[in-house]
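Residue numbers begin at 1 in each chain, while the letters A, B, ... track the order of the sequences.
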2 protein chains.
Amino acid sequence: MRSRIEDVAAAAGVSMKTVSRVLNNEPNVRDEMRQRVMAAVEKLQYRPNLSARSLAGQRSYVVALVYNNPSRNYLMEIQSGMLDACRDHHYNLVLAPVGSPKQRKAEDLKVVFEHFAPDGVVLIPPLTDDPAVLEFLEQHEVPYASIAPKHPEGRIGVMMDETAAVLELMAGLVAQGHRRIAHIKGPPAHGACQWRYKGYRDALKKAGLEYDADLVVQGAFSFESGIAAGDALLDLKQPPTAIFAANDDMAAGVIRAACERGLAVPRDISVCGFDDTPIARHIYPALTTVRQPTSEMGKLATLQLLARIRTADAGSMVHVEHEVLFRESTQAPKGR
Amino acid sequence: MRSRIEDVAAAAGVSMKTVSRVLNNEPNVRDEMRQRVMAAVEKLQYRPNLSARSLAGQRSYVVALVYNNPSRNYLMEIQSGMLDACRDHHYNLVLAPVGSPKQRKAEDLKVVFEHFAPDGVVLIPPLTDDPAVLEFLEQHEVPYASIAPKHPEGRIGVMMDETAAVLELMAGLVAQGHRRIAHIKGPPAHGACQWRYKGYRDALKKAGLEYDADLVVQGAFSFESGIAAGDALLDLKQPPTAIFAANDDMAAGVIRAACERGLAVPRDISVCGFDDTPIARHIYPALTTVRQPTSEMGKLATLQLLARIRTADAGSMVHVEHEVLFRESTQAPKGR
DNA sequence: CTGTTAGCGCTTTCAC
DNA sequence: GTGAAAGCGCTAACAG
């Protein structure tokens, strides 16, 4: 049978409460006691019982990943980073998909909270900015960390300078000689998309190129929406020489659209995406894109959350570096 | 504050234990009592406290998904199916990646068990057949369901007739006129690969084609291994006219290898994969492949597991249907 | 068929 | 600084 706190107390010759104090890093324990307890814990291979702990105390040692319907790759990466952070801090991860069948986000959240009473949650786009979710969390006073929120002010979590990344990407296209560069926007609910769009406009201005509304179409982050957008752009009287899609899936759709009409990428049209998901490397030609350290972002967000759980005003909004990857799908335009 | 079982008992005018009986579907409760209790539960919005339940009882109402390093897409699908099943049965899912950094699978499992004491686990390839994991589970008498195990005898879970699927796929290639069909094998640790390989051999025999060892190369399920295998096959003095890769990622690698050397798919070489992961539809040309209902398999495996948790000899190995999808990456060979 | 009593293993008072 | 006792909300064993 598993050893209990009582056994550890007996082995160390102290009371249960002292053991509890040591385990929870509480003050008011002499160093010598601490050592004795640690030794006994080690010797008996003692691990606290989670259920008992959360029943008696107020903490559950669980954090939840709350999400709506992000890209599967993205979710996977975040999840894996969170698992890393959790493992290191003896925390545990539960998944909280919300609003799946009936769109009752707050209801779904409530169920998760009733079951697991997580000590905090990590939010990822496009849910990071969902009013219903935020309201629920504020109301229940649950600490949360946000990944790539639209409005980072006063939040803790992690984000990347997406605008700067796009600026860099666009500068590369301009350097290759592109003058007519189109943009496929992502869903507006997705905070990052507005930054990417801003980067696009800023880059045009910086390069002295005029903004042309015809060259900007709305996508939905899906492969299919990329095909539709690509078709629309390639049908223009004066088509662009390069297309910057707000994510890789849509960029893959554009490549499909181009191939279907006999155009070669990048010879006839340059294409680039964003995110560096696996598809970026797997399609032919390999996509020029922006890598964001997604898994690390999951980890960092979790660390900020754990800090805040421990101390009410700890944790901050941390920034991570991007990396622009020029690959095969972009080159100087033909006419040059 | 949340209502407790005591409140429900008071509201229904019965004892706590009766409420408990109703909630756990135990026998020996009059229908009238049951109704009264249910009404009170509804009225008070009562939800049992998980921690208290698992502390007092023997069940944790948690199932774990135990995995090693499957394809991310695959994992995602399984996970989503499991979440469905769990939600329907008031169970909860925890993730148990094992052997990640230091390859101590049993150790990692133990940690998960100490924290969550899951009532059962679902195993997915390539871990389904891992001796260390199976031994741990048997030893601790933990019910488990297996997805696509190498040796289904006596197991519960879910599997697909992979051999039949390959037979069907290969028959399609033969019907198109292919006579030199190559195969890229998946990692041997992965149970399904032996069934896919068997299907390949059986199909050759059935079509009256000779088995040629040069046409079979070993892959590792990765895109990169697909490139390498594709290069090897295309370098042959007498290259194949069609290549059947044991999964989609490797098939994508083959397409890359072909494109790099200026060959067109399917004009110069037909390629097909297995699994119908998103990449199959997203690359150009779209891959001929075999769809397996992965998400449903996650759900079904969980249902079998839950049945077994409830009753020691319930649950079985269920079979799901495949679907062969002929898309753009295969056509009749040139020479014909 | 139903209710009472005693814990599950831990943390929290509150004494010392 | 440390410890003893009293629950956290539920289920198990037993009594009715």
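- In summary, the side chains of B:S51 and A:S54 do present a donor paired with an acceptor at a separation below 3.5 Å, with no hydrogens or angles considered.
- Contacts between residues 46-56 of chain B and DNA chain C, counted as heavy-atom distances below 4.0 Å, involve B:L55, B:A56.
- When rounded to the nearest whole Å, the span between CD1 of B:I5 and P of C:dG3 equals 12 Å.
- Across every non-hydrogen atom of B:H89 and B:L303, the tightest pair is NE2-CD2, 3.5 Å.
- Between B:D108 and B:K105 there is no salt bridge, since none of the side-chain N atoms of the basic residue sits less than 4.0 Å from a carboxylate O of the acidic one.
- Taking 4.0 Å as the cut-off between side-chain N and carboxylate O, B:D129 and B:R155 count as a salt-bridged pair.
- Remark: aromatic rings of A:H190 and A:F221 are close, center separation under 6.0 Å.
- Taking atom CD of B:E32 as the reference point, atom C1' of C:dC1 lies 12 Å away to the nearest angstrom.
- Side-chain N/O atoms of B:N24 and B:R53 include a donor and acceptor closer than 3.5 Å.
- C:dT11 atom P lies 13 Å from atom CG of A:D119, rounded to whole Å.
- Phosphate proximity of C:dT2 to B:R30: present, with a side-chain N or O under 4.0 Å from OP1 or OP2.
- Taking every heavy atom of residues 8-27 of chain A and every atom of DNA chain D, pairs under 4.0 Å involve A:V14, A:S15, A:K17, A:T18, A:R21, by number.
- The residue from B:L123, B:L75, B:V121 that alone fulfils the side chain to side chain contact (heavy atoms under 4.5 Å, CB included) condition with B:L65 is B:L75.
- Here C:dT2 presents its C1' atom at 8 Å from CE of B:M33, a figure rounded to the nearest Å.
- When the C1' atom of C:dG9 is taken as reference, atom CG of A:D7 falls 11 Å away, rounded to whole Å.
- We find that CD of B:E6 is positioned 14 Å from C1' of C:dG3, with the value rounded to whole Å.
- Here the closest non-hydrogen pair linking B:P149 and B:M159 is CD-CB, 4.5 Å.
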